[in-house]
Chemist: 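Before anything else, here's the structure in question.
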Amino acid sequence: MPSIAQELSGHRDLGGLRTVVECPFKATVLREGPAQDSGPGAAWLVYLRPVHTVDLDGWHGAADHADNGTMPCGIVLDYLRSIGFGTVG
């Protein structure tokens, strides 16, 4: 069964991993970024704790989803854009 991250990303390839918040705890919220302009799937996903969802309110996401600590707080997954049958960063 695909993970929620795979479903929200439109099964795109991971293009990058970065940290936007230094937090020692596991995330409880998964913020879904805006849709890719070249097809389905979020451009990015960020794992947060509730306090940081307020801190990053400038990161307008499409939705917030509950998470059970699958990733550390502050991790952003960036996804590649699909063009035709390939992908680009």
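Residues take their numbers from the sequence shown, with the count starting at 1.
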Chemist: Within the structure provided, determine whether W44 and P34 are in side-chain contact (heavy-atom separation under 4.5 Å).
Modeler: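 A side-chain contact exists here, since the closest heavy-atom pair is under 4.5 Å.
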
Chemist: In the single-linkage hydrophobic clustering (I, L, V, M, F, W, Y; side-chain heavy atoms under 4.5 Å), do L8 and L14 co-cluster?
Modeler: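 They do share one cluster, since a chain of ILVMFWY contacts under 4.5 Å joins L8 to L14.
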
Chemist: Could you state the interatomic distance from SG (C23) to CZ (R49), rounded to the nearest 0.5 Å?
Modeler: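 Result: 6.0 Å between the selected atoms.
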
Chemist: When rounded to the nearest 0.5 angstrom, what distance separates NE2 in H52 from OG1 in T28?
Modeler: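 Spacing of NE2 (H52) from OG1 (T28) equals 9.5 Å.
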
Chemist: Working to the nearest 0.5 angstrom, can you tell me the gap between D78 CG and R18 CZ?
Modeler: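 It is 4.0 Å, given to the nearest 0.5 Å.
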
Chemist: Quick one: pull up CG in L30 and CG in N68 and give me the separation to the nearest 0.5 Å.
Modeler: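 Those atoms lie 10.5 Å apart.
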
Chemist: Starting from I4, can I reach L17 by hopping between I/L/V/M/F/W/Y residues whose side chains sit under 4.5 Å apart?
Modeler: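 Yes, one cluster joins them.
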
Chemist: Could you state whether V51 and V21 fall into the same hydrophobic cluster, counting links through intermediate Ile, Leu, Val, Met, Phe, Trp or Tyr residues with side-chain heavy atoms under 4.5 angstrom apart?
Modeler: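 In one cluster: no.
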
Chemist: Closest heavy-atom contact between P72 and Y47?
Modeler: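 Here P72 and Y47 meet closest at O-CB, 3.7 Å.
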
Chemist: So how far is it from L45 CG to E32 CD, rounded to the nearest 0.5 Å?
Modeler: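 Answer rounded to 0.5 Å: 7.0 Å.
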
Chemist: With R12 as the cation and Y79 as the aromatic partner, state whether NZ or CZ is under 6.0 Å from the six-membered ring centre and within 45° of the axis.
Modeler: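 So R12 doesn't make the cation-pi contact.
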
Chemist: Is there a side-chain contact between M71 and L77 (heavy atoms, below 4.5 Å)?
Modeler: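 They are in contact (side-chain heavy atoms under 4.5 Å apart), so the answer is yes.
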
Chemist: Say you draw a straight line from NZ of K26 to OG1 of T70; how long is it, rounded to the nearest 0.5 Å?
Modeler: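 Output value for this atom pair is 8.0 Å.
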
